[in-house]
Amino acid sequence: MGNNIFQKTYAHLKRRNKKMLINSSGSTPNEKQEKIRSGQSYLYQTNGMESEVMEIVFYKKVSGSALNQALLETLKRYPYLNTKLVELDGDFYIVQNEMSITARRTQKLAKLGHISCGYHLIDITYFDKTVYVSWHHALCDGKGIKPFIESLVYYYCKFKYRSKASAENIRLSDSKLLDGETTEPNLNGYDYDTNKDTVQISRDAYAIPENIIEEHEVDYRYEIDIPANEFMKVCKENHATPVILISLLTSAGIATLYPDFDKPINANIAVDIREALDLPNTFKNCVRSMPLPFDRTFLTMSLQEQAEKQRALLNAQRDRDNCRKQANASLGLYEKLDSLPDYKEKQKVMGFFNGILLNTYIISYLGQIVLNENAQYVDKMYFYNSGVAGLGITMLCCGNKFCLNFKQSFLSDKYVKAFCDELKRLGINYSASPAIPFITPKDSLLNRN
């Protein structure tokens, strides 16, 4: 009897404390009751969500003191990264974190949301020449973390090398938040032209044999570096953007491996839709997957014809009205989740999405990392996460090179080799690593017994 009263009292006090935290702050100290919506799909994984990781590889060994000095200065500009999540009735709210973030020298990545990293949703570690920035996808996407990384590198080079590099297009510690920087994209609906026909592209695409959901201990990645000047020359000659050229070369490589492919080979492009939603500055998740099918007609087309067709198709999907219509379609799911009473019920609904596979593969392009004159100190950068089925490609431009990761749930290098053969055919140089086994740890936001 007494024990039962104690448990009820403890539960009551714990719930009251959660409500107090939720009502006291949010992404910034002045915000409150800030429920995670755009990143909700990453919060209901049965065993937690794997970290996203950005590797920043310098030419020289990392100085821990300079890095921590840079981190302290950088975090002044990004209050929404010095945060933690509070769960109440199955919903997650972002609140300010009273614990500081410290960069630690280790090769082991922390479980985000765990006491070992102060319950934070980002973590900074370093070893030898590499800095690792881990972040939780429920907090933000790649575009959301990119400005923080650019500021961190800027200040690190300032303190480590006494760099006088330009700060153009880099957010400094004393600059104010941009308009809408902490705005949640999925709170309300968006107006759009209901009379306009929107493009419909089938997701029914060719499945590579490895694109299956199954338990696996380790993922593998292959790093590919491409000279930016050579790559961009081919892009310009063929009216292609970087992500479209990568998708065409990857799809062509898959077509050579499976010459009898009977469905289009789909490159599912992660597209930033912030501009379409009039939220160009939000740090929160604001991405849509848009397929670019490569069917058998492409085999008879020139590279320029292929690129022009794919550009037109991607532009049609990125149409403002189309993006806003798709954003509205997501609101029904969030409203359904709001109506459910607890975590288990919400997890049942979100569990449906865990079994969805996108054929044939996925590409995420982060764009050009702003380094300015500090590019002389940075060798390369990559971003990746484990736990994804099949084949995915992440890419960015760092200084004078494009840095790609083929991240896979399987070991075989056949897709990497097929892609590199396409680069050779176009006379583009490259360097490719052997397979790198890796694991990014799952979060510890909840006590999952």
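- With sequence neighbours excluded, no residue forms a ring pair (Phe, Tyr, Trp, His ring centres under 6.0 Å) with Phe383.
- Between the side chains of Tyr222 and Gln408, no donor-acceptor pair is found at a separation under 3.5 Å.
- A parallel orientation is assigned to the rings of Phe283 and Tyr80, their planes being inclined by less than 30° (bins at 30° and 60°).
- Phe298 is linked by a ring pair (Phe, Tyr, Trp, His ring centres under 6.0 Å) to Phe294, counting only residues two or more places apart in sequence or in another chain.
- Using modelled atom types and a 3.5 Å distance limit, the side chains of Asp272 and Tyr365 yield no donor-acceptor pair.
- No side-chain donor-acceptor contact under 3.5 Å links Glu55 and Thr130.
- Only one option out of Arg77, Lys284, Lys176 pairs with Glu181 in a salt bridge (charged side-chain N to carboxylate O under 4.0 Å, His left out); it is Arg77.
- Enclosure of atom CG in Asp174 by more than 12 non-hydrogen atoms of other residues, nucleotides or ligands within 6.0 angstrom is indicated.
- A donor atom on one side chain and an acceptor atom on the other are found under 3.5 Å apart for Thr182 and Glu31.
- Counting only N and O atoms by type, the side chains of Glu308 and Gln304 include a donor and acceptor under 3.5 Å apart.
- A donor-acceptor contact closer than 3.5 angstrom links the side chains of Gln33 and Asn23.
- Qualifying ring pair (Phe, Tyr, Trp, His ring centres under 6.0 Å) partners for His120, counting only residues two or more places apart in sequence or in other chains: none.
- In summary, the aromatic rings of Tyr361 and Phe406 are positioned with their centroids too far apart to meet the 6.0 Å limit.
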- Under the salt bridge (charged side-chain N to carboxylate O under 4.0 Å, His left out) rule, what do Glu98 and Lys84 come out as? Steps first, then yes or no, please. CA-CA 9 Å; Glu98 67 282 0; Lys84 62 183 178 181; 3.7 Å; yes

- Trace of the ring-ring contact (aromatic ring centres under 6.0 Å, His included) decision for Tyr42 with Phe92: CA-CA 11 Å; Tyr42 304 105; Phe92 290 81; over 10 Å; no

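- Under 3.5 Å, the side chains of Ser27 and Glu34 contain a donor-acceptor pair of N or O atoms.
- If you check the side chains of Ser364 and Thr394, you find no donor sitting under 3.5 Å from an acceptor.
- For the residue pair Glu168/Asn372, the side-chain donor-acceptor check at 3.5 Å is not satisfied.
- Arg288 CZ: more than 12 foreign heavy atoms inside a 6.0 Å radius.
- Partners of Ala165 by side-chain contact (heavy atoms from CB on, under 4.5 Å), not counting sequence neighbours, listed by chain and number: Ser163, Glu373, Asn374.
- Using bins of under 30°, 30° to 60° and over 60° for the plane-to-plane angle, the ring pair Tyr78/Phe148 lands in the perpendicular bin.
- Annotation: the span from Asp278 atom CG to Tyr190 atom OH amounts to 8.5 Å, rounded to 0.5 Å.
- Across Lys60, Lys401, Lys129, a single residue satisfies salt bridge (charged side-chain N to carboxylate O under 4.0 Å, His left out) together with Asp379, and that is Lys401.
- The shortest side-chain heavy-atom distance between Ile145 and Met54 does not fall under the 4.5 Å cut-off.
- Under the salt bridge (Lys or Arg N to Asp or Glu O under 4.0 Å) criterion, Glu210 pairs with Lys414, sequence neighbours left out.
- The environment of Glu217 atom CD is sparse: at most 12 non-hydrogen atoms of other residues, nucleotides or ligands sit within 6.0 angstrom.
- Checked against a 6.0 Å centroid threshold, the rings of Tyr156 and Phe58 count as neighbours.
- The salt bridge (Lys or Arg N to Asp or Glu O under 4.0 Å) check on Glu87 picks up Lys18, with sequence neighbours excluded.
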- List the steps, then state whether salt bridge (charged side-chain N to carboxylate O under 4.0 Å, His left out) holds for Glu305 with Lys309. CA-CA 6 Å; Glu305 290 170 331; Lys309 184 171 182 177; over 6 Å; no

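- Counting only heavy atoms from C-beta outward, the side chains of Pro293 and Leu313 approach each other to under 4.5 Å.
- Side-chain contact between Leu85 and Ile94 is present, with heavy atoms from C-beta onward closer than 4.5 Å.
- Between Phe419 and Leu404 the shortest side-chain heavy-atom distance falls below 4.5 Å.
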- Ser289 vs Arg203, side chain to side chain donor-acceptor pair (under 3.5 Å): CA-CA, chis, key distance, verdict: CA-CA 11 Å; Ser289 172; Arg203 297 277 186 179; 3.3 Å; yes

- Are Lys111 and Asp123 close enough, and set up right, to give a salt bridge (charged side-chain N to carboxylate O under 4.0 Å, His left out), and what steps lead you there? CA-CA 9 Å; Lys111 290 187 171 189; Asp123 191 48; over 6 Å; no

